[in-house]
Number of protein chains: 2
Amino acid sequence: MTRTVFEKADIVPMIAEVFRELGYEGATMSRITSRTGISKGSLYYFFPGGKEEMAAEILAEIEEWFVRNVFEPLEREEPQAAVQKMWREVDAYFRSGQRICLVGAFALDETRDRFAAKVAEYFRSWIDSLRAALVRSGASAESAAALAEETVGGIQGALILARALRDERVFARAVASHAERITKCMQPL
Amino acid sequence: MTRTVFEKADIVPMIAEVFRELGYEGATMSRITSRTGISKGSLYYFFPGGKEEMAAEILAEIEEWFVRNVFEPLEREEPQAAVQKMWREVDAYFRSGQRICLVGAFALDETRDRFAAKVAEYFRSWIDSLRAALVRSGASAESAAALAEETVGGIQGALILARALRDERVFARAVASHAERITKCMQPL
DNA sequence: TCCATTGTAAACCGATCGGTCTATAACTTC
DNA sequence: GAAGTTATAGACCGATCGGTTTACAATGGA
């Protein structure tokens, strides 16, 4: 009888991946244990609050990751470089379109009602930090707001399309197209 | 003991609405009966194959609706008018962003694997019929293909954003922006 | 070496799952 | 109005759900 010892820092991403693949309702405890190898005992030891606590911690970790790697750079660093970094990080994070956005998925079903605040905050932060970077690079307030919203929405839509069509090139094309529009906006003719 | 009699043509949209709100896994039989008032007896009388058959028929009906109201007009009618009709129908269908796209939701979770062909066909048909209309209006093959894909993806992304931020104006702005880009593409300077 | 702590494994629980079945209400047809 | 058909209501089923509990393996400090 072998015994595997996990640390919480390791298991949150493992569970996140199951939620990503199966959705909140689809990720049953037995499927989480069978896909991760983490027994129920361990899961409830780390997350006494059960599935809901797991999902909450996953959302918090995703938010943290984006704040550190995308949102804060957009707000603090040089706009052009920060936007370039955003595209690099986003492409890596979503595995070039082969991985979905869990926050977007939660927004679509009734899970949204449970985590409404977190879901809204994630997208609001993203749009707002991108908008701020565009403004700092010289774009007008209106065009920056519009372009930021379209870009974040475009990424979400591209993830759906890439997965639906099972063709990651859809995601690559969307990223390239939106990146170009941002570049043009930041470097007016 | 009151007895309500349903017809299949009526109940498919009712069940579809429950799937839309709760997702495939979230739409349990008891929630379907409690939200629609249709008893289990009736549900299994109309859909002997259970949930899977319900979802399949719902997807088929959605596909049919889009073919009739959006895809075929894009392919057959005058391009400018057909595109305008598309925006009207899309805005009405998605309740100006307050209703999600069930096909897009199915694409995100593991339900996709069950209905992969239908999900892919829906998006492929949409992109392709829009692309065809753009080409017929004089757009180049490359820009038509790119714009069609971006538009369909943009709608999906806007539905996610609108729901996540609980702000339907996000959807309205996305529709307006994409409509303008299409108009420009169809009437080159 | 013993004990407390940390964490794992799995049996177990009531509730709910998707799905089946029976009884019967309401229409059709004659 | 009897017979047959269509559709509804809801009891019922085994399986699985999210969650709890028990037993104990491993580790580290005394």
What is the separation between atom CG on Leu43(B) and atom C1' on dG18(C), rounded to the nearest whole Å?
12 Å
Considering just the side-chain nitrogens and oxygens of Ser42(A), establish if one lies under 4.0 Å of OP1 or OP2 belonging to dT8(C).
yes
Which listed nucleotide (dA9(D), dG19(C), dG18(D)) is nearest to the side chain of Tyr44(B)?
dG19(C)
Tell me: CD1 of Ile38(B) to P of dA9(D), nearest whole Å?
10 Å
Value in whole Å for how far the C1' atom of dC17(C) lies from CD of Glu52(B)
16 Å
Of Arg31(A) and Gly41(A), whose nearest nucleotide on DNA chain D comes first from the 5' end?
Arg31(A)
Over how many whole Å does the gap from Tyr45(A) atom OH to dT20(D) atom P extend?
16 Å
Rounded to whole Å, how long is the line connecting atom CE of Met29(B) with atom P of dC17(C)?
11 Å
Figure out the CG/P separation between Asp10(A) and dT8(C), and round it to whole Å.
11 Å
Assess the side chains of Glu150(A) and Ser177(B): does a donor N or O sit below 3.5 Å from an acceptor N or O?
yes
Do Phe46(A) and Phe6(A) have their ring centres less than 6.0 Å from each other?
no
Regarding the side chain of Ser30(A), the nearest nucleotide among dC17(D), dG18(C), dT8(C) is dC17(D)
Where do Ser96(A) and Glu168(A) come nearest, in terms of heavy atoms and distance?
O-CB, 3.4 Å
Rounded interatomic separation in angstrom, taking CG from Leu22(B) and P from dC17(C)
11 Å
Gap between atom CG of Leu43(B) and atom NZ of Lys51(B) - 0.5 Å precision
12.0 Å
Among dG18(D), dT20(C), dG7(C), find the nucleotide with the atom closest to the side chain of Lys40(B).
dT20(C)
Looking at every strand, decide which applies to Thr28(B) at a 4.0 Å heavy-atom threshold: base, sugar-phosphate, or nothing.
sugar-phosphate
Any Ser39(A) side-chain N or O less than 4.0 Å from OP1/OP2 of dT8(C):
no
Would you kindly give the CD-to-P distance between Glu53(B) and dG19(C), to the nearest whole Å?
10 Å
When you check the phosphate oxygens OP1 and OP2 of dG18(C), does a side-chain N or O of Lys51(B) lie under 4.0 Å from one of them?
yes
Angle class for the Phe66(B)/Tyr122(B) ring planes (parallel below 30°, perpendicular above 60°, tilted otherwise)?
perpendicular
